[in-house]
Q: 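Just passing along the structure, written as C-alpha cells.
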Amino acid sequence: PDMPLAVLVFFSTIVIYTLDRLRPSIEDATNPGPRLAAYLAQRKSVQVLLVVGIMGLVTSVFFQRFEVLLALVPLGMLSLWYTVPVGVFRLKDIPYLKTFIVAGVWTVVTAWLPIWRPETTIGVQFAIHLFTRFLFMSAITLPFDYRDRERDHAAGIKTLPQRLGTTGTKALSMALLALFVVLHGVY
C-alpha cells in the first residue's frame, strides 16, 4: 500500500468533512433543533480537528509524488466546491447528483490514484474495474443521502432518496450492489 497517499487522503478527508461541519446549513440556522445544539456544543472540537487536519495535510504533501499531487488538485477543488459555494452554488446543490459526485471522487481516490503513473494507460479491464468501484461507492453512499434527506430538503438540495423514497432508495442501492457483484465476479 502507498502509505504517504493513504495519510494524505486521510487528512484531506478530515479537512473537507470538518469544513462541512463548520458551515451550519440553512436548515440548522432557521430551524434550531438537536442537530444545531450538537453542532454548537462541538464547534471548538471541530475547529481543533480542522487545524490538525490542515497540519497533517500540509505535512503529508511533502511525502507525495508530484504527479499524484497534480492529480489531486482537481479532486480537491471538486471536494471543496461540493462543500463551499463557488459563485452561487455548491456541487451538491445540483439536483440528484450528490450521490454520484461523492461516489466519483471516492472511486478515483480508491481505485485509480493508488496505481496511477504518468505512463499508465486505461484498458478495458481497468475501465470495468473503475465502473464497478463507482457502482459500489454509489450503493454505499445512498444510505447516507437517505439519512440526510430531511436536512437536504430544508436546504433546498434535491437528492435521489427524496425522489425515490425509502423503498426506491433501498431498491436502487441493492440493484447497484447486485450489478457490482455480477460485474466484479465476471471481470
Side-chain angles (χ1 to χ4, degrees), residues 9-10 12-36 38-39 46 50 71-114 116 122 124 126-187:
V9 168
F10 174 77
S12 298
T13 303
I14 287 175
V15 169
I16 292 299
Y17 280 94
T18 53
L19 279 175
D20 195 53
R21 284 287 113 223
L22 284 173
R23 290 189 74 249
S25 73
I26 295 166
E27 182 266 335
D28 288 338
T30 59
N31 188 12
R35 236 181 130 110
L36 181 60
Y39 163 76
V46 173
L50 178 61
L72 284 172
V73 169
L75 291 174
M77 290 170 56
L78 277 173
S79 298
L80 277 173
W81 191 9
Y82 178 84
T83 299
V84 179
V86 173
V88 295
F89 71 97
R90 300 168 298 183
L91 282 178
K92 67 180 169 181
D93 295 329
I94 300 171
Y96 312 114
L97 289 183
K98 183 179 170 195
T99 300
F100 304 115
I101 293 167
V102 171
V105 169
W106 278 109
T107 296
V108 172
V109 168
T110 62
W112 178 72
L113 205 53
W116 179 77
I122 296 179
V124 173
F126 188 65
I128 292 170
H129 173 68
L130 289 175
F131 180 67
T132 59
R133 180 66 59 97
F134 180 76
L135 291 172
F136 178 75
M137 291 297 177
S138 297
I140 66 172
T141 301
L142 278 167
F144 293 100
D145 278 351
Y146 181 81
R147 176 199 62 195
D148 296 340
R149 71 192 181 288
E150 291 175 17
R151 181 178 180 213
D152 287 340
H153 177 72
I157 301 169
K158 295 179 182 178
T159 64
L160 286 173
Q162 294 167 352
R163 180 93 169 141
L164 300 175
T166 303
T167 304
T169 301
K170 285 180 182 179
L172 178 57
S173 186
M174 295 305 289
L176 291 170
L177 280 175
L179 188 54
F180 162 75
V181 168
V182 168
L183 288 176
H184 198 274
V186 172
Y187 296 100

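The structure presented is a predicted model; accordingly, all values stated were derived computationally and were not measured.
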Q: Sequence neighbours excluded, which residues qualify as side chain to side chain donor-acceptor pair (under 3.5 Å) partners of Ser79?
A: none

Q: Pair up each side-chain donor or acceptor in residues 92-104 with any protein partner under 3.5 Å, not counting sequence neighbours, and list the distances.
A:
from: Lys92; atom 1: NZ; to: Asp20; atom 2: OD1; distance (Å): 3.2
from: Asp93; atom 1: OD1; to: Arg90; atom 2: NH2; distance (Å): 2.9
from: Asp93; atom 1: OD2; to: Arg90; atom 2: N; distance (Å): 2.9
from: Asp93; atom 1: OD2; to: Arg90; atom 2: NE; distance (Å): 3.3
from: Lys98; atom 1: NZ; to: Asp145; atom 2: OD1; distance (Å): 3.4
from: Lys98; atom 1: NZ; to: Asp152; atom 2: OD1; distance (Å): 3.3
from: Lys98; atom 1: NZ; to: Asp152; atom 2: OD2; distance (Å): 2.7
from: Thr99; atom 1: OG1; to: Asp145; atom 2: OD2; distance (Å): 2.2

Q: Mind checking side-chain contact (heavy atoms from CB on, under 4.5 Å) for Leu176 and listing every partner two or more places apart, or none if nothing turns up?
A: Leu135, Ser138, Ala139, Leu142, Leu172

Q: Please lay out, stage by stage, how Leu80 and Leu19 fare under the test side chain to side chain contact (heavy atoms under 4.5 Å, CB included).
A: CA-CA 9 Å; Leu80 277 173; Leu19 279 175; 3.6 Å; yes

Q: Distance-only check: which donor-acceptor pairs under 3.5 Å involve side-chain atoms of residues 155-165, not counting sequence neighbours?
A:
from: Gln162; atom 1: OE1; to: Thr159; atom 2: N; distance (Å): 3.1
from: Gln162; atom 1: NE2; to: Arg149; atom 2: O; distance (Å): 3.0
from: Gln162; atom 1: NE2; to: Ile157; atom 2: O; distance (Å): 3.0

Q: Any chance you could measure Leu113, atom CG, to Thr107, atom OG1, to the nearest 0.5 Å?
A: 12.0 Å

Q: Mind checking side-chain contact (heavy atoms from CB on, under 4.5 Å) for Thr166 and listing every partner two or more places apart, or none if nothing turns up?
A: Tyr146, Lys170

Q: Report the distance from atom CG of Leu72 to atom OG of Ser12, rounding to the nearest 0.5 Å.
A: 6.5 Å

Q: Report the residues that fulfil side-chain contact (heavy atoms from CB on, under 4.5 Å) with Val9, sequence neighbours left out, ordered by chain and then residue number.
A: Leu5, Thr13, Trp106, Val109

Q: For His184, check side-chain contact (heavy atoms from CB on, under 4.5 Å) against everything at least two apart and list the hits.
A: Thr132, Phe180

Q: To the nearest 0.5 angstrom, please state how far the CZ atom of Phe126 sits from the CG atom of Leu130.
A: 4.0 Å

Q: Nearest 0.5 angstrom please: Met77 CE to Leu91 CG, how far?
A: 10.5 Å

Q: Give me the atom names and distance for the closest heavy-atom approach of Thr18 to Val46.
A: O-CG1, 3.8 Å

